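Let me begin by presenting the structure, written as structure tokens, before commenting on it.
Computed over heavy atoms, backbone and side chain alike; hydrogens, waters and symmetry mates excluded. Remember, predicted model here, so these are calculated numbers, not experimental data.
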Amino acid sequence: MKPKVILLTALALLLQAQSFAYQLSPVGTLAERKFAKRWGTTIRAEVMLTESALHNFSDPVHETLTQKAFGCDGDWGQCADPDLEYAGPYVIAGVRWNDDPVFMLNSGEAAKLPCSTKDTVSFVTQTRCWIELFRDAEKKSLADPTFFTKPGTGTYLSRSHFGDLQFLHSMASRDGEPAVVTRGNILMWAEFTWGVVTGKYHLGTKLREIQIEGWALHFSNGQTVQDLFTLGRPWLRPHVKEVAFGSLLHMIQDSFAQGHVERSDPLFGQNCPSGSVALSGRVREFHSYALQSHAKHKEADASDTAQKQVQLTDPDVIDAGKQMRLYFERQSSWQEVGQYLSQCVFVLDDDARPASAGDSFSESAN
């Protein structure tokens, strides 16, 4: 059955509650709506303002950072349009994927919720279902911060926001996780996505067959790369390389968000060991979300905060995006890209701490 794609109306623009990462445009892209119509899907509004007060679909920070990395030199507002042609619709689809990974529910799963097991679940395909699943996962995580930390527990939605896949947002899966473990998971995902970018892994590659250190702990099911990135979205399949690249960009962008990672200030004039590229601020701590104040996390992820951080940091998140864009356009080897990420972007401070909510983001912080 072809998926039903729900177009969020303008009423959904004012999301009120917590967000998990740099935020996203809530209405998606023109390309998503165009392709949905082409594939014969039903487009309808289904989200009321009071119900849409969840997560991070309120502020297109990720889209802005991506468009700027791809050459948009306008002001922040001008580059916020996800439909600009700089990055293109498929990279933007990948950038959005980390916050909204598409999945299917098993028969009988979430039986008491307004969910269908016949269609994919995402924020724009089964919005009410998505919201209720998110709320349920949030309640379970608040009651027991370790509920989703066992690999494979829950849906991609719960795992990526409260469990073992939080590295998709450059965060630790739990308080106390050593920084070297989080960094290893981040580089693991980077190696996988770059394998898709360069064609090492194709649409039919089974996830359980991928040989990357640590991978099998998180992805041991029978899904393929096609299932992971494009389930219910066949129009993305010819462009999976761009989708995977967008996902990698999202993770890198989040590593510069203060609610996700505490970095030291970059040292002026200090370059990476591998060459002339400037060294990003060293990682002092990867935060974990379980015990963070959602309001403080959201504030740190908003556009105005991101803009200030870009103005005060050199190199900044956009510089990292531009460098990755060069690698993407050149189809550089993983050896070169991995060296850049490990030696320039995700460099641990000598005194890097295990994960916590972060002094400025805990519920008890002033």
Side-chain angles (χ1 to χ4, degrees), residues 2-3 5-8 21-41 43 57 60-72 79-103 120 122-125 156 160 168 189-190 192-205 207 223-254 318 320-332 334 337:
K2 295 180 181 179
V5 177
I6 301 167
L7 173 60
L8 304 184
Y22 274 148
Q23 297 165 38
L24 294 168
S25 166
V27 294
T29 66
L30 180 62
E32 286 177 318
R33 302 193 290 275
K34 179 183 72 174
F35 287 127
K37 184 177 181 179
R38 183 180 300 173
W39 280 81
T41 59
I43 301 175
F57 297 87
V61 181
H62 275 292
E63 288 94 334
T64 305
L65 294 173
T66 304
Q67 300 290 12
K68 281 185 167 291
F70 273 79
C72 182
C79 295
D81 184 352
D83 297 313
L84 294 175
E85 292 299 319
Y86 294 96
Y90 307 112
V91 172
I92 293 296
V95 167
R96 294 172 63 82
W97 182 90
N98 294 43
D99 280 321
D100 194 20
V102 183
F103 58 94
T120 56
S122 75
F123 191 71
V124 295
T125 56
Y156 281 141
S160 62
L168 293 173
W189 184 255
F192 163 66
T193 50
W194 203 255
V196 178
V197 165
T198 57
K200 180 178 181 180
Y201 307 126
H202 51 80
L203 288 172
T205 300
L207 301 185
Q223 279 196 322
T224 62
V225 170
Q226 175 172 295
D227 298 328
L228 181 68
F229 282 130
T230 71
L231 189 66
R233 297 174 178 178
W235 55 85
L236 295 178
R237 289 167 189 167
H239 307 277
V240 70
K241 294 183 178 184
E242 293 157 272
V243 176
F245 179 67
S247 172
L248 176 54
L249 274 184
H250 183 121
M251 184 176 67
I252 293 170
Q253 290 166 356
D254 274 351
I318 298 173
K322 289 179 177 178
Q323 185 62 42
M324 290 302 299
R325 173 194 170 193
L326 289 177
Y327 291 137
F328 180 68
E329 291 173 344
R330 296 172 187 166
Q331 290 287 286
S332 299
W334 167 245
V337 174

Find out whether [X] and [Y] are in side-chain contact, i.e. whether some heavy atom of one side chain is under 4.5 Å from a heavy atom of the other.
X: L236; Y: E242; result: no
X: E63; Y: I92; result: yes
X: M251; Y: D254; result: no

Inter-residue atom distance [X].[atom1] - [Y].[atom2], 0.5 Å rounding:
X: K68; Y: R325; atom1: NZ; atom2: CZ; result: 13.0 Å
X: L248; Y: W189; atom1: CG; atom2: CH2; result: 9.5 Å
X: K241; Y: Q331; atom1: NZ; atom2: CD; result: 5.5 Å
X: C79; Y: L65; atom1: SG; atom2: CG; result: 10.0 Å
X: H239; Y: Y90; atom1: NE2; atom2: OH; result: 3.5 Å
X: S160; Y: D100; atom1: OG; atom2: CG; result: 9.0 Å

Considering non-hydrogen atoms only, spot the tightest contact between [X] and [Y] and give its length.
X: A80; Y: T64; value: CA-OG1, 3.1 Å
X: L84; Y: C72; value: CD1-SG, 4.1 Å
X: T193; Y: S247; value: CG2-OG, 4.4 Å

**Prompt:** Can you say whether the rings of F192 and F229 are parallel (under 30°), tilted (30 to 60°) or perpendicular (over 60°)?
**Reply:**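 Judged by the thresholds at 30° and 60°, the geometry between F192 and F229 is parallel.
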Hey, is the main chain of [Y] close enough, under 3.5 Å, to the side chain of [X] for a donor-acceptor pair?
X: W194; Y: S332; result: yes
X: R237; Y: T230; result: yes
X: D227; Y: T224; result: yes
X: Q67; Y: A87; result: yes
X: W334; Y: T198; result: no

**Prompt:** Taking it one step at a time, do Y156 and L168 satisfy side-chain contact (heavy atoms from CB on, under 4.5 Å)?
**Reply:** CA-CA 11 Å; Y156 281 141; L168 293 173; over 6 Å; no
**Item:** Chi angles and distances behind the side-chain contact (heavy atoms from CB on, under 4.5 Å) call for L228, W97
**Value:** CA-CA 10 Å; L228 181 68; W97 182 90; 3.8 Å; yes
**Request:** Evaluate side-chain contact (heavy atoms from CB on, under 4.5 Å) for H62 paired with N98, printing each intermediate quantity in order.
**Result:** CA-CA 11 Å; H62 275 292; N98 294 43; over 6 Å; no
**Request:** Check the pair T66, H250 against side-chain contact (heavy atoms from CB on, under 4.5 Å), reporting the backbone distance first and the verdict last.
**Result:** CA-CA 9 Å; T66 304; H250 183 121; over 6 Å; no
**Listed partners of F328 passing ring-ring contact (aromatic ring centres under 6.0 Å, His included), at least two apart** = F245
